[in-house]
Amino acid sequence: MAATDDYKFLPIRDAITSINQKVNLIGVILEFGFPKRTRGTDCCCTLKIIDESHQKAGFSVNIFAEYLEMLPHVASGGDIIQLCHVMVKKHIGEVNAVFNKKFSSFALYKGKDAADFAPYQVSSNFRRRDMDDRFIGNLRKWLVDLQLHEESSSFSLLREIKEGEHINLACKIVHFSEAAKDEWMALVWDGTDTPPNSFSAKPEDEMAYPLPLQLENSPLPRDILCTFPKVGTVLRIYFDQGFQKNKLFMLNIGKWIKFVNVICEVRGGLWCGLFTPFTKIRYTPDEDCLILERQRLYDERISLKWGRMPLWSFPSPYYNTEVNYDHVPFVSLMDVLTHSEVTAKFKCVVRVIAAIPWKAEEFLSPLGIYRMRLTLEDPTARIHAFVFAEDGETLFDGYPSVDVLSRKLNRLLGLSVCNDNKMVKDAPRNPPWVQVCLKSYYISKDDVWGSRQYQIFGTKIVGV
DNA sequence: TTGGGG
């Protein structure tokens, strides 16, 4: 490094050839990882930066610090980082910069939309210079017209996710909250529906181990759900164990973000994602081609007559049930949950994933009245819906034999049955899509929203 | 020193 009065920042292109030298760099953050502990005694995070001389892949910077708080906490991809006295190193053919906690320093600035030149985080030994404003201003100007060329095929839609896979997602943050004590989750959406899962849970398990209505301990309040999109899955992404729970998504509600390397899992038949220490967040401008593509797909979807029905349901809903409510359009369970009135009627396309009771002998109360609780699912939500009295008569077409009743419920639950109506042992069940009429109502006048329940009506199982 | 990716 030259004397400190020779204050200059190297273009990344030139830094790459300055192996084993200390350099000053200023760049736009293209990608960043979560701050984490190293296997040694320190903490570290990695960034990839770009500038006009090096726009494509991003130049890796590894930053070390004694404490997590001392690492740069990047608010958003596209922010600017100034790095002083970082060492350029070559590692297995790759060149990158290493931030040394003793002699390196950094400052973080907002990206292209900011007007001021005040850094939002600096390392303790960072020294600001008057010239910095000009460097940052120039970088912001360049960034305005920058076109990122993202490979669209390397980012999955939620409709394409597969269990156990590491995937990249380009999605909108719709909410961020604590799922359980110190367990944070980001709720994301891309306008498509996650694929339906099959269930290994046996029908008789529902009493002791009911399938959850949601993965978080308590359901999200209705006023939060009201901010969610009504069509398309809202996926929960949790932080895997062993690294800092990052609250930065709080700042980004309503924004689209690209995540690199998220793990997909199924819990209780519900899809979720996991952020791992290897997950990266990539710069996602509003006009990013991937984002425009997803927005266009969604606009196309909801402009279609059947766009609010589950993507995966065609043409099954018409074969399994008939509904006596033809004049209304289908709505999603999220529409149902967030409807403005407690008392209302709906028509939905759902899967019946569980039932209590599950034995046909018990569908009727001792007084001979139907009373059951079904668990319904669509790509947006799960609810419990009751079947009472005459609605049961409609659903099961009167009071057929136990054998017929049992066949009808098995059909709804997607149980594979042999010719003699015995269940195929341990086969996963894959409930079919069915159309149902639902009404919502309240139990207690004093707490109409708190006591809201759902009931199936005007729906008949057919083809059994 | 550490990590660099999965």
Side-chain angles (χ1 to χ4, degrees), chain A residues 10 12-13 15-23 25 27-51 54 56-74 77 81 83-106 108 123-125 150-151 153-156 160-170 186 235 237-246 257-266 271-283:
Chain A
L10 280 187
I12 294 170
R13 182 187 51 217
I16 289 172
T17 58
S18 311
I19 313 276
N20 295 327
Q21 292 179 52
K22 269 189 230 166
V23 301
L25 293 171
V28 173
I29 298 166
L30 178 69
E31 195 178 282
F32 62 102
F34 301 121
K36 57 189 172 188
R37 304 208 161 274
T38 66
R39 270 178 288 190
T41 55
D42 277 343
C43 303
C44 100
C45 71
T46 62
L47 307 173
K48 279 186 179 160
I49 59 171
I50 51 173
D51 69 6
H54 188 85
K56 289 252 162 70
F59 180 58
S60 285
V61 185
N62 301 320
I63 300 175
F64 296 96
E66 212 172 336
Y67 301 105
L68 287 169
E69 307 80 69
M70 297 163 107
L71 290 169
H73 285 69
V74 181
I81 191 163
L83 293 154
C84 297
H85 304 170
V86 290
M87 187 73 94
V88 178
K89 293 268 185 191
K90 193 166 188 176
H91 175 81
I92 322 177
E94 290 270 314
V95 180
N96 56 59
V98 178
F99 179 100
N100 185 296
K101 61 186 174 189
K102 292 201 189 74
F103 55 74
S104 307
S105 64
F106 74 83
L108 276 172
S123 61
S124 57
N125 54 349
E150 200 72 76
E151 185 57 52
S153 62
S154 56
F155 284 80
S156 306
E160 298 167 326
I161 63 176
K162 293 192 182 70
E163 198 171 358
E165 275 189 1
H166 295 242
I167 57 163
N168 306 331
L169 291 174
L235 182 79
I237 310 185
Y238 300 92
F239 287 87
D240 201 4
Q241 299 295 303
F243 65 108
Q244 197 197 14
K245 311 294 181 247
N246 199 305
I257 296 193
K258 285 180 281 186
F259 293 111
V260 174
N261 209 346
V262 174
I263 298 179
C264 300
E265 272 190 18
V266 176
W271 285 100
C272 64
L274 283 178
F275 293 126
T276 77
F278 319 110
T279 299
K280 305 274 189 270
I281 293 170
R282 194 167 292 172
Y283 174 41

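In the text below, chain A, chain B and the rest are named by the order of the sequence lines, each starting its count at 1.
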(message) Output the rounded distance in Å from NZ (A/Lys280) to C1' (B/dG3).
(response) 10 Å

(request) Quickly work out the A/Met87 CE to B/dT1 P distance and round it to whole Å. (result) 9 Å

(message) Let's see if you can work this out: which of B/dT2, B/dT1, B/dG4 has an atom nearest to the side-chain heavy atoms of A/Phe64?
(response) B/dT2

(message) Angle between ring planes, A/Phe34 versus A/Phe275, binned at 30° and 60°: parallel, tilted or perpendicular?
(response) perpendicular

(request) Nearest whole angstrom, please: distance from the P of B/dG3 to the NZ of A/Lys36. (result) 9 Å

(request) Classify the nucleic acid contact of A/Thr46 as base, sugar-phosphate or nothing, counting any heavy atom under 4.0 Å across all strands shown. (result) sugar-phosphate

(request) Can you tell me the distance, in whole Å, between the NZ atom of A/Lys102 and the C1' atom of B/dT2? (result) 11 Å

(request) Report yes if a side-chain nitrogen or oxygen of A/Arg37 is closer than 4.0 Å to either non-bridging phosphate oxygen (OP1 or OP2) of B/dT2; otherwise report no. (result) no

(message) For A/Glu94, is the CD atom crowded, meaning more than 12 foreign heavy atoms sit under 6.0 Å from it?
(response) no

(request) Compare all side-chain heavy atoms of A/Val74 with those of A/Ile281 and state whether any distance is below 4.5 angstrom. (result) no

(message) In this structure, how many angstroms lie between the P atom of B/dG3 and the NZ atom of A/Lys89, rounded?
(response) 15 Å

(request) Give one of base, sugar-phosphate or nothing for A/Lys101, where a contact means two heavy atoms less than 4.0 Å apart. (result) base

(message) Within the 4.5 Å heavy-atom criterion, are A/Tyr283 and A/Lys258 side-chain neighbours or not?
(response) no

(request) Starting from P on B/dG5, measure out to CZ on A/Arg39 and report it in whole angstrom. (result) 13 Å

(message) If you only use heavy atoms from C-beta on, which nucleotide in B/dT1, B/dG4, B/dG3 is closest to the side chain of A/Val98?
(response) B/dG3

(message) Does any part of the side chain of A/Pro35, heavy atoms only, come nearer than 4.5 Å to the side chain of A/His73, both counted from C-beta?
(response) yes

(message) Tell me whether A/His91 and B/dG3 count as stacked here, given that the ring centres must be under 5.5 Å apart and the planes must differ by less than 30 degrees.
(response) no

(request) Take the protein atom CG of A/Asn62 and the nucleotide atom C1' of B/dG5, then report the distance between them rounded to whole Å. (result) 12 Å

(request) Find the distance A/Asn100:CG to B/dG3:P and express it as a whole number of Å. (result) 15 Å

